Amino acid sequence: MLQATIIYASLTGNTEEIVEHVTELLEEREVDVTLIDCEDYEGTEFIHADICIIGTYTYGEGELPEEIVPVYESIPELDLTGKIFGVCGSGDTLYEEFYCQSIDDFEQVFEQSGAQKGSESVKIDLDMDDEDEERLEIFVEELINK
């Protein structure tokens, strides 16, 4: 059985809703999922996963949320060779230049760890709608099939 670990940060609940939906989609496909709030991150959770997922929002003008910085800083130190990664989360298109910058930042550190990108990241403007749910279904399918 495939193992997926999802670590997330959520301020308003939008990103939490996104990762809970991703969790449901993975579990429907018989993937064993561990969902972890970033404040409970210990540093080794991705080591035992086949699929590594980050759910994050972007703060202000492209900044990582303070509470997820330890996760971000630890990923390049991990050897995630052979693992698949995906990143999803919410942002606000009002900050056009910095829209979902944290998602892009996490993609870069996953690549430094040796993990392989399993799907295009999913960037959601504030909260999910039906179209976003469809994009998340594709995201999950591609992660599993990679």
Side-chain angles (χ1 to χ4, degrees), residues 2-26 31 33-146:
L2 285 174
Q3 304 284 323
T5 297
I6 303 172
I7 300 173
Y8 73 96
S10 186
L11 180 64
T12 62
N14 291 337
T15 303
E16 185 173 16
E17 181 183 7
I18 292 165
V19 296
E20 286 174 351
H21 186 68
V22 169
T23 298
E24 290 172 16
L25 292 170
L26 286 164
V31 175
V33 181
T34 303
L35 181 62
I36 303 168
D37 184 301
C38 66
E39 293 181 355
D40 297 323
Y41 179 71
E42 295 179 5
T44 59
E45 287 84 352
F46 284 139
I47 299 299
H48 304 290
D50 302 301
I51 301 170
C52 307
I53 300 172
I54 287 288
T56 188
Y57 65 96
T58 298
Y59 189 76
E61 295 184 349
E63 294 124 29
L64 286 168
E66 184 177 314
E67 65 272 22
I68 205 164
V69 168
V71 179
Y72 175 82
E73 291 176 344
S74 73
I75 290 175
E77 305 299 320
L78 301 173
D79 180 5
L80 300 179
T81 304
K83 300 188 184 299
I84 302 302
F85 79 86
V87 187
C88 58
S90 62
D92 188 341
T93 53
L94 181 65
Y95 297 94
E96 185 177 334
E97 183 179 349
F98 306 105
Y99 178 65
C100 290
Q101 179 64 48
S102 293
I103 290 173
D104 298 335
D105 293 343
F106 267 102
E107 279 190 8
Q108 291 176 358
V109 294
F110 267 122
E111 289 170 356
Q112 291 172 18
S113 74
Q116 181 181 3
K117 186 175 181 178
S119 178
E120 288 302 313
S121 295
V122 178
K123 298 176 179 181
I124 295 174
D125 186 23
L126 301 176
D127 55 348
M128 280 192 311
D129 60 22
D130 292 342
E131 183 180 309
D132 296 322
E133 288 182 13
E134 290 174 19
R135 291 189 310 132
L136 288 170
E137 285 188 36
I138 293 167
F139 175 76
V140 165
E141 283 298 321
E142 289 178 349
L143 290 174
I144 290 171
N145 292 329
K146 193 72 171 186

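Predicted, not measured: the structure shown is a model, and the values here were computed from it. Residue numbers start at 1 and run along the sequence shown.
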Name all residues meeting the ring-ring contact (aromatic ring centres under 6.0 Å, His included) criterion together with F85; count only those two or more places apart in sequence or in a different chain, and write none if there are none.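 Applying ring-ring contact (aromatic ring centres under 6.0 Å, His included) to F85 gives F110.
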Please name all residues satisfying ring-ring contact (aromatic ring centres under 6.0 Å, His included) with Y72, sequence neighbours left out, ordered by chain then number.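 Result, ring-ring contact (aromatic ring centres under 6.0 Å, His included) vs Y72: F106.
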Could you give me the CA-CA distance, side-chain angles and deciding distance for I54 and F46, then say whether side-chain contact (heavy atoms from CB on, under 4.5 Å) is met? CA-CA 10 Å; I54 287 288; F46 284 139; 3.9 Å; yes
Results of side-chain hydrogen bond (donor to acceptor under 3.5 Å, both in side chains) for [X] - residues two or more places apart only:
X    : answer
Y41  : S74
D105 : Q101
E142 : S119

Considering all heavy atoms, the nearest [X]-[Y] contact:
X    : Y    : result
C88  : I53  : SG-CG2, 4.3 Å
C100 : G89  : SG-O, 4.5 Å
K117 : S121 : CE-N, 4.4 Å

Side chain proximity check, [X] to [Y], heavy atoms < 4.5 angstrom:
X   : Y    : result
H48 : Q3   : no
L25 : F139 : no
N14 : Y57  : no

May I ask you to decide if [Y]'s main-chain N or O and [X]'s side chain share a donor-acceptor pair within less than 3.5 Å?
X   : Y    : result
K83 : I47  : yes
E97 : Y95  : no
D40 : I36  : no
Y99 : D125 : yes

[atom1]-[atom2] distance between [X] and [Y], expressed to the nearest 0.5 angstrom:
X    : Y   : atom1 : atom2 : result
I103 : L64 : CD1   : CG    : 11.0 Å
T56  : I18 : OG1   : CD1   : 10.0 Å
L11  : T58 : CG    : OG1   : 11.5 Å
E20  : Y8  : CD    : OH    : 6.5 Å
L2   : D50 : CG    : CG    : 5.0 Å
C38  : E66 : SG    : CD    : 10.5 Å

Around E120, counting heavy atoms of other residues, nucleotides and ligands shown, do more than 12 lie under 6.0 Å from its CD?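 At most 12 heavy atoms, drawn from other residues, nucleotides or ligands, come within 6.0 Å of this atom.
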Applying the side-chain contact (heavy atoms from CB on, under 4.5 Å) test to L143, which of V31, I51, V22, I138 qualifies?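 The side-chain contact (heavy atoms from CB on, under 4.5 Å) with L143 is passed solely by I51 among V31, I51, V22, I138.
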Which pairs count as side-chain hydrogen bond (donor to acceptor under 3.5 Å, both in side chains) when at least one residue sits in residues 127-136, sequence neighbours excluded?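 Every pair satisfying side-chain hydrogen bond (donor to acceptor under 3.5 Å, both in side chains) with a residue in residues 127-136: D132-R135.
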Run the side-chain contact (heavy atoms from CB on, under 4.5 Å) test on K123 and D104 for me, step by step, so that the C-alpha distance in whole Å, both residues' side-chain angles and the decisive distance to 0.1 Å come before the verdict. CA-CA 10 Å; K123 298 176 179 181; D104 298 335; 2.9 Å; yes
Verdict with supporting geometry, T5 and T34, side-chain hydrogen bond (donor to acceptor under 3.5 Å, both in side chains): CA-CA 5 Å; T5 297; T34 303; 4.7 Å; no
Show your reasoning for whether side-chain contact (heavy atoms from CB on, under 4.5 Å) applies to V19 and L35. CA-CA 8 Å; V19 296; L35 181 62; 3.8 Å; yes
